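None of these values were measured; they are calculated from a predicted model.
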Amino acid sequence: EVAMYSMECTAVGLVRKAAGWLAKQRYFDDPRNQPTDPMHPPPIDPQRMAVALSQVAGGAAAEPLGRLHVNECSGWTIDQLLADADALLERRPGVKLLVLDYLQFMDPGVEAQFARVGFGDIAKGLARHSRHSGHSWIALSQLTRAAETRPPGLSDLRESGDIEQNAAWVLGLHLPDPQKPGQIELMVLKNREGPGGGICMLERYPNGMLRYVGLGRYPRKDKGKGDQ
């Protein structure tokens, strides 16, 4: 089971998107946003979506979100977040992974000019909670604009400070060729238990879903196909 603390998306929206991923269909919050071009075919298959929603919900009527626990918590402080996480873990021992989406939407608890220190304290709190509870946290983070034109690095983490210092692993998504938006690289920027720098290739289908392709690197225009 997974607990998602969402600072932006609604609980209903996240559950439907998770079901869309399981059903290999794209979900849109507003039906009017359904794309009509051939590269983005309409995703609606009611039967497949119903089965996927049942899988996400775990078939438990008393627990609408079943295996995916979503809490809308925009503007929470780290104390509020961890107090709720402790209560959830006590209530639902099956939860093994906690996800924060995303870090910069939390309340740093300090004035704007000291935001870097505040977000560093949040990162420390998540790391400390992970050690004491034995549960892993995944915290999504914004990157600086500079990362839009080159592969991301640790310095591109917004309000980086102690974020990178307290993280066991830091992964970054990179679009190597803007002309091929379906090719995405998942880069290991930090690995506390081993070497970093590894690259896992992902492929994005026209319907918006991602799949794992393999290790290595997509061929680069400037290096040729031999650069793997």
Side-chain angles (χ1 to χ4, degrees), residues 1-22 27 29 53-144 154 156-173 189-193:
E1 298 181 20
V2 177
M4 168 74 80
Y5 287 89
S6 176
M7 304 287 160
E8 187 173 23
C9 188
T10 65
V12 172
L14 281 172
V15 169
R16 289 181 176 173
K17 288 177 180 178
W21 181 85
L22 286 173
Y27 168 77
D29 295 289
L53 282 168
S54 177
Q55 290 177 314
V56 174
E63 180 62 55
L65 303 183
R67 298 169 186 158
L68 179 62
H69 309 271
V70 182
N71 200 329
E72 302 171 27
C73 49
S74 180
W76 277 18
T77 64
I78 184 63
D79 290 338
Q80 290 174 301
L81 177 69
L82 298 184
D84 189 271
D86 285 335
L88 175 64
L89 292 174
E90 183 176 352
R91 187 171 69 251
R92 299 300 298 251
V95 172
K96 302 301 181 185
L97 176 66
L98 302 108
V99 182
L100 173 60
D101 180 19
Y102 54 91
L103 194 147
Q104 281 80 10
F105 264 25
M106 290 192 65
D107 181 356
V110 295
E111 297 182 9
Q113 62 266 36
F114 303 114
R116 180 169 179 168
V117 175
F119 288 118
D121 289 341
I122 293 173
K124 289 179 183 177
L126 295 178
R128 185 166 53 248
H129 185 271
S130 181
R131 289 194 300 270
H132 292 168
S133 70
H135 292 77
S136 297
W137 277 94
I138 295 178
L140 278 65
S141 175
Q142 288 180 318
L143 297 178
T144 62
L154 290 174
D156 290 312
L157 289 171
R158 289 288 298 272
E159 312 294 352
S160 56
D162 292 326
I163 297 176
E164 60 187 75
Q165 179 180 342
N166 287 280
W169 298 277
V170 178
L171 306 177
L173 291 174
L189 305 180
K190 176 185 176 181
N191 179 6
R192 182 173 291 172
E193 300 181 359

Polar contact flag, side-chain donor to acceptor under 3.5 angstrom, S6-D101: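 There is no such pair (donor and acceptor under 3.5 Å, judged by atom type) between the side chains of S6 and D101.
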G120 to N166 - nearest heavy-atom pair and separation: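 Nearest pair, atom of G120 first, then N166: O-ND2, 4.3 Å.
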Contact summary for S130 and S136, nearest pair of heavy atoms: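 For S130 and S136, the tightest heavy-atom pair comes out as OG-CA, 3.9 Å.
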Parallel, tilted or perpendicular, as decided by the 30° and 60° cut-offs, for the rings of H129 and W137: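 W137 vs H129 ring planes: perpendicular.
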Would you say the side chain of [Y] lies within less than 4.5 Å of the side chain of [X], judging by non-hydrogen atoms?
| X | Y | result |
| --- | --- | --- |
| S141 | Q104 | yes |
| L143 | L157 | yes |
| I138 | L97 | yes |
| M7 | C73 | yes |

K190 side-chain N/O to L154 backbone N/O, donor-acceptor pair under 3.5 Å: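 Not at all, since once roles are kept as given, no pair shorter than 3.5 Å links the two residues.
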Any donor-acceptor pair under 3.5 Å from H135 side chain to L98 backbone: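 Absent.
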Interatomic distance, K96 atom NZ to L89 atom CG [nearest 0.5 angstrom]: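 Here the interatomic distance stands at 9.0 Å.
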Rounded distance (nearest 0.5 Å) linking atom OH of Y5 with atom CG of L140: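 Spacing of OH (Y5) from CG (L140) equals 15.5 Å.
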Passing option when L81 is tested against L126, I122, N71, D107 for side chain to side chain contact (heavy atoms under 4.5 Å, CB included):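 Testing L81 for a side chain to side chain contact (heavy atoms under 4.5 Å, CB included) against L126, I122, N71, D107 leaves exactly one candidate, L126.
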